[in-house]
There are 2 protein chains.
Amino acid sequence: MKSWIERANVATCDFPIQNLPYGVFSRDGEAPRCGVAIGDRILDLAALQAAGLLDTGGAVFAQSALNDFMALGSVAWDRVRSRLVELLAAGGDAALREGQGLRAGALGPLAGSRLHLPFEVTGYTDFYAGRQHAVNVGTMFRGAENALPPNWLHMPIGYNGRASTVVVSGTDIHRPLGQMKPPSAEVPFFGPCRRLDIELEMGAVVGLPNRMGTPVTVAEADDMIFGYVLLNDWSARDIQGWEYQPLGPFQGKVFGTSISPWVVTKAALEPFRTTTPDREKELLPYLHEPRPLLYDIELEVHMQPAGAATSSRIAQSNFRYMYYSSAQQLAHHAIGGCRMNTGDLLGSGTISGPEKSQYGSLLELSWGGKEPFTLETGETRSFLEDGDRVTLTGWAQGDGYRVGFGDCSGTILPAPAEKNWTAETAD
Amino acid sequence: MKSWIERANVATCDFPIQNLPYGVFSRDGEAPRCGVAIGDRILDLAALQAAGLLDTGGAVFAQSALNDFMALGSVAWDRVRSRLVELLAAGGDAALREGQGLRAGALGPLAGSRLHLPFEVTGYTDFYAGRQHAVNVGTMFRGAENALPPNWLHMPIGYNGRASTVVVSGTDIHRPLGQMKPPSAEVPFFGPCRRLDIELEMGAVVGLPNRMGTPVTVAEADDMIFGYVLLNDWSARDIQGWEYQPLGPFQGKVFGTSISPWVVTKAALEPFRTTTPDREKELLPYLHEPRPLLYDIELEVHMQPAGAATSSRIAQSNFRYMYYSSAQQLAHHAIGGCRMNTGDLLGSGTISGPEKSQYGSLLELSWGGKEPFTLETGETRSFLEDGDRVTLTGWAQGDGYRVGFGDCSGTILPAPAEKNWTAETAD
């Protein structure tokens, strides 16, 4: 299917009419509102709703977050998507295409628009559900024979992350301060993280809640998911290594998590569904998948040092390498009766493929820092330097089009200046 | 100091004029609003504000959560407290005492009022900062010689909890379903938790935020704290035991966390400040305390089986047994640049004293289930049975008065019925 917006029909465009991802945008200090990316434009859904071309009940798109729309549920999701296709398809409803004034007002340029965090992140949970990553990290830390923890093949291992520091692509990330203790050291020391890393992940966005005390099946969990984003789980390996026993990652992970500005819907990804791999161990029934719930999504990691003219692709992977789907993760998350809310974000876990060029973290790409890799600029890296810009990209490849996510990028700023930690406050 | 509300002057009353804790209440289907407990009454702050007796700027007390008031900061906190003392002190401002109509309308009975979650919990973090508890649990799981993890004496170990299932006292808790694997078993099984436990904790309520990427000192952290609540961190030991390596507690903790309905302010607790214990290992400067930041607060745990006429006190402890103060926990939480928000809740970690009668969890009281304890009803317990009601109480003892927290209670309901896990949803 083609759109009358020409740029949307270019095969390499992330935002064809088959995609229609949702985000929140503003221009020149206007109030942030909801929009859909189409070609090189953003369709202003608040303007469309105000013009009476979109019937959703309530001004859900005049909000600075997608939560109100997501909370309407799948019938509304489907109705809005169908209506947008009518309005944007070549030869479709002319109301927008021919609408004098409206077309100009509601179809502004994507370039130069400010993209905001697309939804209020009510909770953030990060999983560890990519097998190659778990094996790689386990091998480095515990040896090949103990690489996978005993529970790993029986459940998607996850931990609660920090929702308050989930930020939209383009937000700079300060190198964190913290406690570290190399095995050689007698006592821990304090200072800027020295092993700053990324994690290539996808994030599932929960659209519909369950009730506290009410588990959901995997099928119900899939129905609760509104869409997906790219996710970079910035990680301080040295801080994490000293703190994480026995209660898991904390300060090594809470300083920032970046997501792409566009939420690609389940409907747009439907043609790209694929199955999770064969199970080495039979899963308990509450984790059985009724149908293919994983997706074939190409993923890339690019790095550009400060001042470098070019960015280097340092890894290529694919979402299909996950061992557990996001629906399985959500069902596991709710199995104990945990209430899941509209706006909850589930990080997939690092998505590493079988080849070294497919590893989704610098820890793996440089094998614990022992094998630095080389960028196109000739520089080498084991972990992130100040000024490095990391960009994740991803798309599902269709026949003559691709359903893309846009960039998920962030630049590393130096650690904050240290304070006079022991000073009393002035009061 | 005495109040003209007689019940507030009884030495065993939790809510004397020295306390003035904040909560959210409603009666007969009225909209929830903010109030202060005084004696056997709740002072309706929205009504007081509407009557012009409370000048705070903005109708912050007509809200269903304390967040807007907390966000005003310490100058507003102090001004409101001083004004409330004027209005409630014997011989003080007569505007409320003599106000025709207002007194009746703004001073309803505490009994029969519905108490709501007092603030919107924007984030929940649980620490592990009580030494006796860490030693007890470590001894059971790793042996006495490895009881304390190597990092424990250097930082307050914590993990991100689940904010969506923090509930107010009186909310029933469903026994969680989940995966468990006893060491003896070959493979995990699925079913209701068999080792359901409590954790006696205090919760610090963050009133003021920091900026992302901006660490705070311990003194600044203490200034950010609005007040404290009692906290019961319900725990599924068998689910936790199988899942928690390597990323920490998850389904074993996310099914419910209960807090007391009243937030006792830092100002009310000021006379009860005490110091954390001597340090076995010198702390890094960012964790140094500029002054006493811990509190002397008596704590009790009571248990009442279904149908039992009496409740049994099963433990007595004190907040002063903590090794790290909440201010130290908050400073550590923000050291990497984590943004802390108004409404964040920090669980202290289980507060166990040196004596067995002072242990703050059933795991410790029954020593891993090996030594069941006996209730006044003659029944024994190792872990929680369906129908058991657990109530935490706490107060700081002043000279002729006590600053109390009210009850933090919850009753265990049976696990939810299992579903047809593998059914497709109807669509």
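Just so you know, these numbers come straight off a predicted model, no measurement behind them. Letters A, B, ... are given to chains in the order of the sequence lines, protein chains preceding strands, and every chain is numbered from 1. Side chains included, hydrogens not; waters and symmetry mates left out as well; all remaining heavy atoms used.
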Side chains of [X] and [Y], heavy atoms from C-beta outward: is any pair under 4.5 Å?
| X | Y | value |
| --- | --- | --- |
| Thr422(A) | Thr217(B) | no |
| Phe190(B) | Ile335(A) | yes |
| Phe255(A) | Met212(B) | no |
| Asn151(A) | Gln179(B) | no |

Criterion side chain to side chain contact (heavy atoms under 4.5 Å, CB included) on Tyr286(A) and Glu418(B), from CA distance to verdict: CA-CA 9 Å; Tyr286(A) 82 94; Glu418(B) 294 201 31; over 6 Å; no
Arg162(B) side-chain N/O to Arg339(A) backbone N/O, donor-acceptor pair under 3.5 Å: yes
Those residues that, when tested against Ala185(A), pass side chain to side chain contact (heavy atoms under 4.5 Å, CB included) (two or more places apart):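 With sequence neighbours excluded, Ala185(A) shows a side chain to side chain contact (heavy atoms under 4.5 Å, CB included) to Lys181(A), Pro182(A), given in chain and number order.
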Region of Leu287(B) that comes under 4.5 Å of a non-hydrogen atom in chain A: side chain
Plane angle bin for Phe250(A) and Phe127(B) - parallel if under 30°, tilted between 30 and 60°, otherwise perpendicular: perpendicular
Contact class of [X] relative to chain B, heavy atoms under 4.5 angstrom:
| X | result |
| --- | --- |
| Pro150(A) | both |
| Pro188(A) | both |
| Gln251(A) | side chain |
| Ile173(A) | side chain |
| Leu177(A) | both |
| Thr125(A) | side chain |

Residues in ring-ring contact (aromatic ring centres under 6.0 Å, His included) contact with Phe141(A), at least two apart in sequence or another chain: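 Checked Phe141(A) against ring-ring contact (aromatic ring centres under 6.0 Å, His included); zero matches.
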